[in-house]
Amino acid sequence: MVNYGSMQDTDIRVESIELTSQWDKVFPLSGEVSHRKVTFVNHFGITLAADLYEPKEYTGKLPALAVCGPFGAVKEQSSGLYAQEMAKRGFLTIAFDPSFTGESGGYPRSFNSPDINVEDYQAAIDFLSVQDNVDPERIGVIGICGWGGMAIQTAALDTRVKAAAAVTMYDMSRNTALGYFDSVDEKGRYEARVTYNNQRTEDYKNGSYAMAGGLPEALPEGAPQFLKDYMAYYKTDRGYHRRSVNSNGGWAATANGSLMNMRLFAYAPEIRSAVLLIHGENAHSLMYSQAAYQLLKGDNKELMIIPGANHTDLYDKLDVIPFDKLEAFFSANLK
């Protein structure tokens, strides 16, 4: 439920969000961390909802991490798992729902925008920077899947990000424009633009936003491996969540407009902070991390390839995700 009211002494409209009180993650709560719900507002006036995790015992100010992803997931899925695991290792972490999704505000629902999504990360960094138990000079970001790309894009803009990790990364602008495996040519992109703009007209006539449709309820015959992997996570007890875009009706049919019209990583070569890319050897998306790594400059950039892992193995498989590496990376670069 979203109610609208005005902030005192400003004309910015903010949303009052009702957060779920019970633990409804797809992973169990660890006894090694403290957890609570928090909210913060981005520069577009959208209230974002997050889960905050911190070690049960610590002294002094903590390094902090903002975590998000995968693209179309919610904080009750992979990002929350990553945030909890990193909190067990001595970091204060938040896993947040992006604008227009999950428990966060923003209308229309089930939309995305690279500009707003980078701002979501920046708003999370704003929030972390003013916490009494956080060292504002020791803040990093973790992005999973499409939010790995947004994490890199944020690191290119926000100099407060001292280290960024992108796990099983998608370049969502490349994927949206060129399709899976770069299979869409100029003719196909034009046809996609025609479909997109015709849908805008229909939506305006109807006064509502059509949905694109999510993952199928059953695997079609001859389904590619990546679809099998997605189904095995989002459509089973392993990862299904009732608020997840990917687990349910998918994105709005016109949600991809901004990603069709721009490209991420224009200033990636200028990132001065440390970047760690982690990807599975057998992931269909490996080419995105490989291409991003080629753009990055300096001796504080690293690509780690996990033998035998596919794209979704790095969503939640604790015996595959290299948390020791993530801990070492952030400990070395947030100091």
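In the hydrophobic clustering (ILVMFWY side chains linked at under 4.5 Å, chained through shared members), Tyr267 stands by itself. Other members of the cluster containing Met260 are Tyr196, with ILVMFWY side chains joined at under 4.5 Å, either directly or via other members. Its side chain outside the 4.5 Å cluster rule for every partner, Val130 clusters with none of the Ile, Leu, Val, Met, Phe, Trp and Tyr residues.
What you find for Ala163 and Ser273 is that their closest heavy atoms are N-CB, 4.3 Å. For the pair Ala155 and Val161, the tightest heavy-atom approach, listed with the atom from each and the gap, is CB-CG1, 4.2 Å. The two atoms that bring His279 and Ser289 nearest to each other are ND1-OG, 2.6 Å, heavy atoms only. Listed here is the closest heavy atom pair of Trp23 and Phe27: NE1-O, 3.0 Å. Minimum heavy-atom separation, Ala156 to Ile271: CA-CG1, 3.6 Å. For the residue pair Ser110 and Trp251, the shortest heavy atom distance occurs at O-CE3, 3.1 Å.
Between the side chain of Gln77 and the backbone N or O of Val74 there is at least one donor-acceptor pair closer than 3.5 Å. Proximity of a side-chain donor or acceptor of Glu119 to a complementary backbone N or O of His43 within less than 3.5 Å is detected. A distance-only check finds no donor-acceptor pair linking the side chain of Asp316 to the backbone of Ser78 [under 3.5 Å]. Here the side chain of Ser247 pairs no donor or acceptor atom with the backbone of Ser244 at under 3.5 angstrom. A donor-acceptor pair is defined here as one N or O able to donate and one able to accept, closer than 3.5 Å; no such pair exists between the side chain of Ser183 and the backbone of Gly179. Judged purely by atom type and a 3.5 angstrom limit, Asn246 uses its side chain to pair as donor or acceptor with the backbone of Phe71. Without hydrogens or angle criteria, Gln84 side chain to Ser30 main chain gives a donor-acceptor distance under 3.5 Å. In terms of modelled atom types and a separation under 3.5 Å, the side chain of Ser104 and the main chain of Phe100 share no donor-acceptor contact. At distances below 3.5 Å, not a single donor-acceptor pair connects side-chain atoms of Glu281 with backbone N or O atoms of Ala309. With hydrogens and angles disregarded, no donor-acceptor distance shorter than 3.5 Å links the side chain of Thr20 to the backbone of Gln22.
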Show me the donor-acceptor pairs within less than 3.5 Å that the side chains of residues 325-335 make with the rest of the protein, sequence neighbours left out.
unit_1: Lys325; atom_1: NZ; unit_2: Glu302; atom_2: OE1; d: 2.9
unit_1: Lys325; atom_1: NZ; unit_2: Glu302; atom_2: OE2; d: 3.0
unit_1: Glu327; atom_1: OE1; unit_2: Arg89; atom_2: NH1; d: 2.7
unit_1: Ser331; atom_1: OG; unit_2: Glu327; atom_2: O; d: 2.8
unit_1: Asn333; atom_1: ND2; unit_2: Phe329; atom_2: O; d: 2.8

Using a 3.5 Å cut-off and no angle test, enumerate the donor-acceptor pairs between side-chain atoms of residues 216-227 and protein atoms at least two apart in sequence or in another chain.
unit_1: Glu217; atom_1: OE2; unit_2: Lys235; atom_2: NZ; d: 2.9
unit_1: Gln225; atom_1: NE2; unit_2: Asp229; atom_2: OD1; d: 2.9

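For Tyr240 and Tyr233, the ring centers are positioned 6.0 Å apart or more.
Taking 4.5 Å as the limit, some side-chain heavy atom of Ile306 sits within range of a side-chain heavy atom of Leu314. With a 4.5 Å cut-off on side-chain heavy atoms, Leu276 and Ile278 count as touching. Met86 is not listed as a side-chain neighbour of Val67, based on a closest heavy-atom distance of 4.5 Å or more.
In this view, Tyr209 and Phe111 satisfy the ring-ring contact (aromatic ring centres under 6.0 Å, His included) rule, not counting sequence neighbours. Partners of Tyr170 under the ring-ring contact (aromatic ring centres under 6.0 Å, His included) rule, at least two apart in sequence or in another chain, are His284, Tyr288, His311. For Tyr293, the ring-ring contact (aromatic ring centres under 6.0 Å, His included) test picks out no residue, with sequence neighbours left out. In this view, Arg160 and Asp126, Asp158 satisfy the side chain to side chain donor-acceptor pair (under 3.5 Å) rule, not counting sequence neighbours. For Glu32, there are no side chain to side chain donor-acceptor pair (under 3.5 Å) partners at least two apart in sequence or on another chain.
Within 6.0 Å of the CZ atom in Arg263, the count of heavy atoms belonging to other residues, nucleotides or ligands exceeds 12. Summarising the local packing, CZ of Arg200 is surrounded by 12 or fewer heavy atoms from other residues, nucleotides or ligands at distances under 6.0 Å.
Among pairs with a residue in residues 113-132, those fulfilling ring pair (Phe, Tyr, Trp, His ring centres under 6.0 Å) read Phe40-Phe127, Phe96-Tyr121, Tyr121-Trp147, at least two apart in sequence or across chains. Identified under the salt bridge (Lys or Arg N to Asp or Glu O under 4.0 Å) test for residues 56-77, with sequence neighbours left out: Lys25-Glu76, Lys75-Asp97, Lys75-Glu103, Glu76-Arg243.
Electrostatic pairing of Lys88 and Glu85 counts as a salt bridge here, judged by a charged N lying under 4.0 Å from a carboxylate O.
Using modelled atom types, one finds no donor on one side chain facing an acceptor on the other under 3.5 Å when comparing Asn310 with Asn282. Donor-acceptor pairing under 3.5 Å is lacking for the side chains of Tyr234 and Asn248. Side-chain atoms of Ser99 and Asn117 include no donor-acceptor pair closer than 3.5 Å. Looking at Ser173 and Asp171, their side chains do bring a donor and an acceptor atom within 3.5 Å of each other.
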